[in-house]
Amino acid sequence: MRIAYCVLRRKKQSTHYTIRNTEKDVTIKIEERIDDLLNQMTLLEKIGQMTQVEKNSIEVADIKRLGIGSILSGGGGNPELNNPSEWRKMVTTFIEASLESRLGIPLIYGSDAVHGHNNVYGATIFPHNIGLGATRDPDLVRRIAIATAREMEATNVLWNFAPAVSNPRDIRWGRTYEGYSQDVEVISALGRAYVEGLVEMGALPSVKHFVADGGTTWGSSTRVSAENMALIDNDPTLANTKVGDWMFHYLQLGAWKLDQGISDIDEETLRRDHLPPYLAAIEAGALNVMASYSSWDGKRMHAQHYLLTDVLKGELGFAGFVVTDWEAIDQIDDDFYTAVVAAINAGIDMNMVPFKYHRFITTLQRAVECGDVSMARIDDAVRRILRVKMQLGLFEKPMCDTPLSVVGSAEHRALAREAVQKSAVLLKNDANLLPLPADTEHILVAGEAAHSVGYQCGGWTVEWMGKPGAITPGTTILEGLRAQSDTEIVFDPAGEFEQTAPIGLVVLAEEPYAEGMGDREDLRLSAEHIALIERVRSKVEKLIVILMSGRPLIITDQLPQMDAFVAAFLPGSEGNGLADLLLGAVPFTGKLSYVWPRSMEQIPLSAQNGQTPLFDIGDGLTT
Ligand code: GLC
C-alpha cells in the first residue's frame, strides 16, 4: 500500500485536530481496525456512512448526530462567496462536525474537479479530457492530477469525481468531452495516469461511470422529455440547473436523447470497449468507482448485480467502494423502497442521495429490519468505505495544510499552458501557413470565442454548464497573441472588418454545456459560424480557423475555405497556449484521439461502416 503524499506530509506535521475515535494506532492492520470500529457501530451509524448528501441539503447537526459519511458539491455547488478561502471554510465546517460524532469517523468531501478544481473561482482550469487524449502523454496527465489534487487539498476536498473513463461511441453525447478517446487503450493509459497522480497526493479518485456510459443509443434516454417537463418542478436536479424554460430550447436541439440511456451492446462489446479502463484504474490504486445512470441488458447499471458485484468486485478484484451517481437510485423504480433494496443488494455501497437523506436512511434501515437487505451486505459496504478512509489516512489527519496560494498558482497555470500546447490538433495547414510568418504585420481576428475564457473552458466550470465570458481568471487567445507578438491585431467578434488583410483568424466555439444538456441531434456548424467564416474569408488572402468544441463537429463543407484548421477542443483557462502554437513558440504535436466524421451519416461510430471519415484517430500535422 502506498502511503499517500498528503498523509506522509500530514505525518510530518503536528496534528491540528484531536482525533476522538478509538483508532489512534495506525499501525494496527486496517482490517482489524475496521472490525473494531464495525463492532461499535449501530445500524444507523453504518447507514450514515453509506450516505452522501449535497452541501445545501444537509443540516450540519445531522452530520454529528447521524455520522454522515460524505458531503459533496454538485456542479456549481459553491459557497455563497466563491473563492478558495470560503471553499476551505465550508468544507472544514462539515469535516469538523463529523469529528464530533459519537465515533468521530471523518467524513470525506467530494467534488467534480474534472479539469482542475473547476468549481472554485480562480482555480487553474486544464483542458478537458478530449484534449488531453490528443496529447497521448500519460506523464502530463499524471502531473495535471497532482496539481488538481493540490488545489483540491488547499480547500480540504479529498474526493474527486474523476477521471471519467467513458468511451463515447456516439459523439452527439453531451459528455463526449469528458472522455479521453474512442481508443480504449488511450483511455486506459490516461485514466491510469490520472488515478496515479491523485493517489500519489492522498486524494480519492472516482473512476466513472461504470460501465458503458458512452455506449448508449440515440433516443433511448428517458431522463427528460417534453412530456415530463411539466413535472420539472418535482425534479429538484433539473430545477437546480436553473434552466427553466430554456429546457424546451435544449430539448429541441436533442438534449437528453443519449445521456443516461440504454447501452444496447452485447457483453463482448462491453468487455472490449468499456471495461479495460476500470482494470487499469484499479491496478493504479483506484478505491472508488461511480456507477453509471445508463442501463444494460434490461437493467439500470445501479441495479446490475452481475456487473457491480460479480465483475467489478469479484472478477476485477475491486476492494474499494461503489458510489451512486446523483439521485440515480430514484430512477431504478417508482417505489423508493424497491429501488433502494435493488441498488444496495446489487453492490452499491454509498448513495449520492443527494437531497432527502432522512428518507434514504430510514428506508434502508427498514429494509435491513425486514430482511430485504442483509446485515452482511451493510457490513461489506461500510467495511469498504472505512477501508478507503483509513487508507487515505483520514483518521490520522482528516484535513490538509496545503496553502490556499496553490489554487491558480503560476506553476499550475504554466502546466495548464503546456497541456494546451500539446492538446491542440493541426488538421490542415496549406502552404505551411502556420506558424504565422514572423513578419506578419497585421491580422484580423474574429469570433467572440477569441476573447472568452468561458468558451475555452466549456462545461463543469464554476457553474455546472459553464458559460461564455470571463467566468474565471485566465488568458484568452487574443490576449496571448497581443502579449507575445508585435503584429497589429484588429479584433472584431462579429468579423465586420472595413479593411482587408493578408491573414485572418476566426475562432469558433460550441456554447458550453454539461451532461445530457449537451446531447445534440445536429453537429454541423451553425449558420452564424458559417456566415462568420464567409465574412472574414472575403477580407483576407489566408484564413485560419480554430474550433473550440467538446467533440468533432461537421466542418466538411467549410474546410475548403480554410487554409489552416486547428481543433483546440476545450483548452481551459490558459488560452495563451494556443497563441504559443500560432506564433511558433512551440510546435503542434497533438494527434486526434477521436474519429472526425465527414457527415452526420457517419455518426455514431457504428454507422461508419468502413467509410473514410474526414479525419481519423492519430491524425494531426506537426510544425
Ligand atoms: C452528475 C454526473 C457525475 C457527477 C455527479 C456529481 O450527475 O453524472 O459525473 O460526478 O453528478 O456532480
Side-chain angles (χ1 to χ4, degrees), residues 51-58 70-78 108-120 128-129 148 152 157-168 173-180 191 194 198 203-214 216 221 223-224 235-243 255-256 258-261 263 277-278 281 286 288-295 300-302 321-331 348 350-355 357 458-466 513-519 550:
T51 305
Q52 181 180 57
V53 187
E54 70 94 14
K55 62 109 182 166
N56 291 325
S57 300
I58 186 70
S70 176
I71 302 291
L72 85 144
S73 284
N78 306 317
I108 182 167
Y109 197 97
S111 185
D112 298 273
V114 296
H115 63 143
H117 197 6
N118 42 247
N119 281 322
V120 180
H128 269 297
N129 287 352
T148 302
M152 286 164 52
V157 174
L158 272 171
W159 184 359
N160 186 356
F161 304 128
V165 292
S166 318
N167 188 343
W173 191 31
R175 308 200 75 161
T176 298
Y177 65 78
E178 296 184 66
Y180 292 107
Y194 194 84
L198 288 183
L204 176 64
S206 188
V207 196
K208 68 186 190 181
H209 309 76
F210 189 85
V211 66
D213 55 340
T216 57
S221 175
R223 177 68 183 86
V224 181
D235 186 327
T237 293
L238 293 178
N240 260 8
T241 60
K242 304 182 187 66
V243 170
W256 302 103
L258 258 180
D259 193 32
Q260 307 187 18
S263 297
Y278 289 90
N288 179 259
V289 164
M290 184 183 293
S292 173
Y293 283 116
S294 56
S295 303
R300 289 270 177 191
M301 273 308 306
H302 280 73
F321 71 94
V322 178
V323 68
T324 71
D325 204 334
W326 179 281
E327 210 181 21
I329 285 185
D330 303 55
Q331 295 183 17
I348 293 291
M350 182 183 283
N351 181 17
M352 185 189 293
V353 181
F355 305 111
Y357 57 99
W460 295 103
T461 310
V462 179
E463 298 178 16
W464 179 53
M465 296 245 284
Y513 51 79
E515 302 189 51
M517 296 299 286
D519 291 354

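Atoms within a ligand are numbered from 1 in the order they appear, just like the ligands themselves.
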Distance-only, no hydrogens or angles: does the [X] side chain make a donor-acceptor pair with backbone N or O of [Y] under 3.5 Å?
X	Y	value
N119	G76	yes
N351	T51	no
T216	L258	yes

Taking both backbone and side-chain atoms of E515, is any N or O found less than 3.5 Å from an N or O belonging to ligand 1?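 Such a contact does occur with ligand 1.
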Shortest protein heavy-atom distance from atom 4 (C) of ligand 1, along with the residue and atom involved: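 The closest heavy atom on the protein side is D112 OD1, 3.1 Å.
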Out of all atoms in ligand 1, which are within 4.0 Å of some heavy atom of [X]? Include the element for each.
X	value
Y293	7 (O), 8 (O)
G74	12 (O)
K208	3 (C), 4 (C), 9 (O), 10 (O)
W326	7 (O), 11 (O)
M290	3 (C), 10 (O)
F161	10 (O)
H209	3 (C), 8 (O), 9 (O)

Could you check whether the rings of H128 and H115 sit parallel, tilted or perpendicular, using 30° and 60° as the cut-offs?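 Ring orientation of H128 relative to H115: parallel.
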Salt bridge or not for K208 and D112, using N-O below 4.0 Å?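 Salt bridge between K208 and D112, a charged N being under 4.0 Å from a carboxylate O: yes.
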Step-by-step side chain to side chain contact (heavy atoms under 4.5 Å, CB included) determination, F321 to L204: CA-CA 11 Å; F321 71 94; L204 176 64; 4.2 Å; yes
Identity of the nearest option to atom 11 (O) of ligand 1, non-hydrogen atoms only, from D259, V323, N160, D325: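 Residue with the shortest heavy-atom distance to the ligand atom: D325.
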Part of E178 within contact of ligand 1 (heavy atoms, under 4.0 Å):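 Neither; no heavy atom under 4.0 Å.
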Using the test side chain to side chain contact (heavy atoms under 4.5 Å, CB included), find all partners of A286 that sit at least two apart in sequence or belong to another chain.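 For A286 the side chain to side chain contact (heavy atoms under 4.5 Å, CB included) partners, ignoring immediate neighbours, are V195, V207, A281.
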With sequence neighbours excluded, tell me which residues meet side-chain hydrogen bond (donor to acceptor under 3.5 Å, both in side chains) with N78.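 Residues passing side-chain hydrogen bond (donor to acceptor under 3.5 Å, both in side chains) with N78: none at all.
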